[in-house]
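Below, each value reflects all heavy atoms present in this structure, side chains not excepted, and no hydrogens, waters or symmetry copies.
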Amino acid sequence: MNLRVGPIAEWAGLEEFIDVPVRGYSTGMKARLGFGVATDVKPDVLLIDEVLAVGDLEFQRQCMGQMREVTGRGRTINNK
């Protein structure tokens with residue numbers, strides 16, 4: 001997991017906050033971190049619930065790119 005922290009924090013745009021306890025994160029920061037972790041583990045099925053509603057436009061674009069990558073590997077996304 002230690003090898004994954006840097007790339008996840010970079011993708012989520014949280015490099016400068018990665019040592020801050022999660023309880024100090026905003027809702028958007030938590031969504032970024034959660035989505036980054038969820039997609040980094042290369043899931044077979046990815047369930048998404050309103051994650052794109054809390055992010056800015058750039059974050060939404062990043063998420064869409066990640067979702068295209070997941071489906072490109074033949075995986076399933078369920079957006080409720």
Side-chain angles (χ1 to χ4, degrees):
M1 191 63 197
N2 287 335
L3 297 175
R4 291 180 160 174
V5 171
I8 291 170
E10 182 179 346
W11 182 89
L14 298 173
E15 303 96 332
E16 66 184 272
F17 303 102
I18 201 63
D19 293 323
V20 174
V22 175
R23 67 179 175 268
Y25 282 19
S26 68
T27 302
M29 292 167 78
K30 289 177 185 176
R32 287 174 172 271
L33 182 61
F35 192 85
V37 169
T39 56
D40 186 72
V41 297
K42 310 296 187 230
D44 289 334
V45 176
L46 179 61
L47 301 175
I48 301 170
D49 183 19
E50 301 179 12
V51 68
L52 298 178
V54 298
D56 58 27
L57 186 57
E58 182 57 32
F59 176 64
Q60 292 175 9
R61 287 183 184 140
Q62 283 181 263
C63 289
M64 295 304 292
Q66 286 291 89
M67 289 190 285
R68 280 191 291 277
E69 182 181 317
V70 169
T71 56
R73 293 190 317 263
R75 306 299 194 230
T76 301
I77 294 178
N78 188 346
N79 186 1
K80 291 283 181 175

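Atom CE of Met29 sits about 5.0 Å away from atom CZ of Phe17, to the nearest 0.5 Å. For the atom pair Trp11 CH2 and Thr39 OG1, the distance stands at 5.5 Å (nearest 0.5 Å). Annotation: the span from Met67 atom CE to Phe35 atom CZ amounts to 5.0 Å, rounded to 0.5 Å.
Between Leu33 and Tyr25, the shortest heavy-atom distance links the atoms CD2-CE2, 3.8 Å. Between Val5 and Ile18, the closest heavy-atom pair is CG1-CG1, 3.8 Å.
A search for side chain to side chain contact (heavy atoms under 4.5 Å, CB included) contacts involving Glu58 returns Asp56, Arg61, Gln62, not counting sequence neighbours. The salt bridge (charged side-chain N to carboxylate O under 4.0 Å, His left out) test applied to Glu15 returns no partner, not counting sequence neighbours. Scanning for side chain to side chain contact (heavy atoms under 4.5 Å, CB included) contacts around Ala12 gives Leu14, Arg32, with sequence neighbours left out.
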